[in-house]
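Remarks on the structure that follows.
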Amino acid sequence: QVQLEESGGGSVHAGGSLRLACRVSGYRFREPNMAWFRQSPGNEREGVASIDLRGGSEVYADSVKGRFTVSHDKGANILYLQMNNLEPGDSAMYYCAAGNPAIYPWWLLASAYSLWGQGTQVIVSS
């Protein structure tokens, strides 16, 4: 059984940085895409960044472009999200996901992902 486990969340001041990690465990992990989503109270789950594990292509939400970077350590099978210049609006629960979004526009669509972690909290204060 495949499991995703996030870590690295915390509280920072605006302008600070955090690096989230998502460790994949279990056999038979064959999902081609992994992604980071976030959700704050009263809001829908929002796609932040996604990466194609086969070719390395990435996609980002407009709100995080230039500040966040997604990467994948193939050897350790860990997904990372480097978050720089954090803003209070980035505060949310961040989730790691894995799945097979069939087409590029779906890479940041929550319904395209079948495996999810439990989330890690990020709080950015002004």
Side-chain angles (χ1 to χ4, degrees):
Q1 182 178 356
V2 177
Q3 291 185 322
L4 308 180
E5 183 176 6
E6 303 93 337
S7 62
S11 296
V12 296
H13 291 293
S17 298
L18 285 172
R19 188 176 77 156
L20 305 183
C22 173
R23 183 176 298 275
V24 181
S25 61
Y27 296 99
R28 300 180 183 175
F29 178 78
R30 298 193 179 99
E31 304 296 338
N33 276 67
M34 292 192 72
W36 288 98
F37 289 80
R38 65 186 182 187
Q39 189 170 20
S40 54
N43 293 314
E44 294 186 355
R45 193 163 293 192
E46 172 193 20
V48 174
S50 179
I51 184 168
D52 180 340
L53 302 184
R54 300 161 296 186
S57 296
E58 304 162 18
V59 64
Y60 296 91
D62 288 344
S63 58
V64 306
K65 281 181 182 176
R67 300 189 298 122
F68 290 12
T69 303
V70 62
S71 61
H72 181 249
D73 182 330
K74 290 185 178 181
N77 207 1
I78 300 175
L79 182 73
Y80 293 102
L81 184 68
Q82 178 66 44
M83 305 187 295
N84 297 328
N85 195 20
L86 283 160
E87 303 168 353
D90 295 319
S91 297
M93 185 71 79
Y94 282 72
Y95 298 91
C96 167
N100 186 16
I103 57 176
Y104 183 79
W106 294 356
W107 283 25
L108 294 180
L109 192 62
S111 59
Y113 292 81
S114 55
L115 297 173
W116 292 86
Q118 296 299 308
T120 186
Q121 185 74 49
V122 172
I123 299 172
V124 184
S125 58
S126 57

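- Val48 and Val59 sit in two unconnected hydrophobic clusters of ILVMFWY residues. Membership requires side-chain heavy atoms under 4.5 Å apart, directly or through other members.
- Using a distance-only test at 3.5 Å, with no hydrogens or angles considered, no donor-acceptor pair links the side chain of Gln82 to the main chain of Thr69.
- A 4.5 Å side-chain heavy-atom check between Arg38 and Val64 finds at least one atom pair inside the cut-off.
- Linking ILVMFWY side-chain heavy atoms closer than 4.5 Å, directly or via other members, places Leu86 and Phe37 in two distinct hydrophobic clusters.
- In terms of modelled atom types and a separation under 3.5 Å, the side chain of Ser114 and the main chain of Gly99 share no donor-acceptor contact.
- The environment of Arg23 atom CZ is sparse: at most 12 non-hydrogen atoms of other residues, nucleotides or ligands sit within 6.0 angstrom.
- Ala61 approaches Gly47 most closely through the heavy-atom pair CB-O, 3.4 Å.
- Taking CZ of Arg45 as the reference point, atom CG of Leu108 lies at 14.0 Å (rounded to 0.5 Å).
- Exactly one of Asp90, Asn85, Asn84 qualifies for a side-chain hydrogen bond (donor to acceptor under 3.5 Å, both in side chains) with Arg67. That residue is Asp90.
- The aromatic rings of Phe68 and Tyr94 sit tilted relative to each other, their planes meeting at an angle between 30° and 60°.
- Distance alone, capped at 3.5 Å, places no donor-acceptor pair between the Gln121 side chain and the Gly10 backbone.
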Exercise for the section: Would you sort out whether His72 and Asn77 count as a side-chain contact (heavy atoms from CB on, under 4.5 Å), showing the intermediate values? Expected result: CA-CA 7 Å; His72 181 249; Asn77 207 1; 2.8 Å; yes
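- When hydrophobic clusters are built by joining Ile, Leu, Val, Met, Phe, Trp and Tyr residues whose side-chain heavy atoms come closer than 4.5 Å, directly or via intermediates, Val2 is grouped together with Leu79.
- If you check the side chains of Tyr113 and Ser50, you find a donor sitting under 3.5 Å from an acceptor.
- Residues Trp36 and Tyr80 fall into different hydrophobic clusters, defined by Ile, Leu, Val, Met, Phe, Trp and Tyr side chains chained together at heavy-atom separations under 4.5 Å.
- Within 6.0 Å of the CD atom in Gln118, the count of heavy atoms belonging to other residues, nucleotides or ligands does not exceed 12.
- When every heavy atom of Ile78 is checked against every heavy atom of Ala21, the shortest pair comes out as CG2-CB, 4.1 Å.
- Separation of atoms OG (Ser57) and OH (Tyr104) is listed at 7.5 Å; rounding is to 0.5 Å.
- A side-chain donor-acceptor contact under 3.5 Å links Glu6 to the backbone of Gly119.
- At distances below 3.5 Å, at least one donor-acceptor pair connects side-chain atoms of Tyr60 with backbone N or O atoms of Val70.
- Put simply, CG on Asp73 and SG on Cys22 are 12.5 Å apart, with the number rounded to the nearest 0.5 Å.
- Under the 4.5 Å side-chain heavy-atom criterion for grouping Ile, Leu, Val, Met, Phe, Trp and Tyr, Leu81 is not connected to Tyr95 through any hydrophobic cluster.
- Atom CD of Glu87 and atom OG of Ser126 lie 11.5 Å apart (nearest 0.5 Å).
- Annotation: the span from Met83 atom CE to Arg19 atom CZ amounts to 11.5 Å, rounded to 0.5 Å.
- Put simply, CG on Asn100 and CG on Asp52 are 9.5 Å apart, with the number rounded to the nearest 0.5 Å.
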Practice task
Output, in order, the C-alpha distance, side-chain angles, deciding distance and verdict of side-chain contact (heavy atoms from CB on, under 4.5 Å) for Val24 and Leu115.
Solution key: CA-CA 10 Å; Val24 181; Leu115 297 173; over 6 Å; no
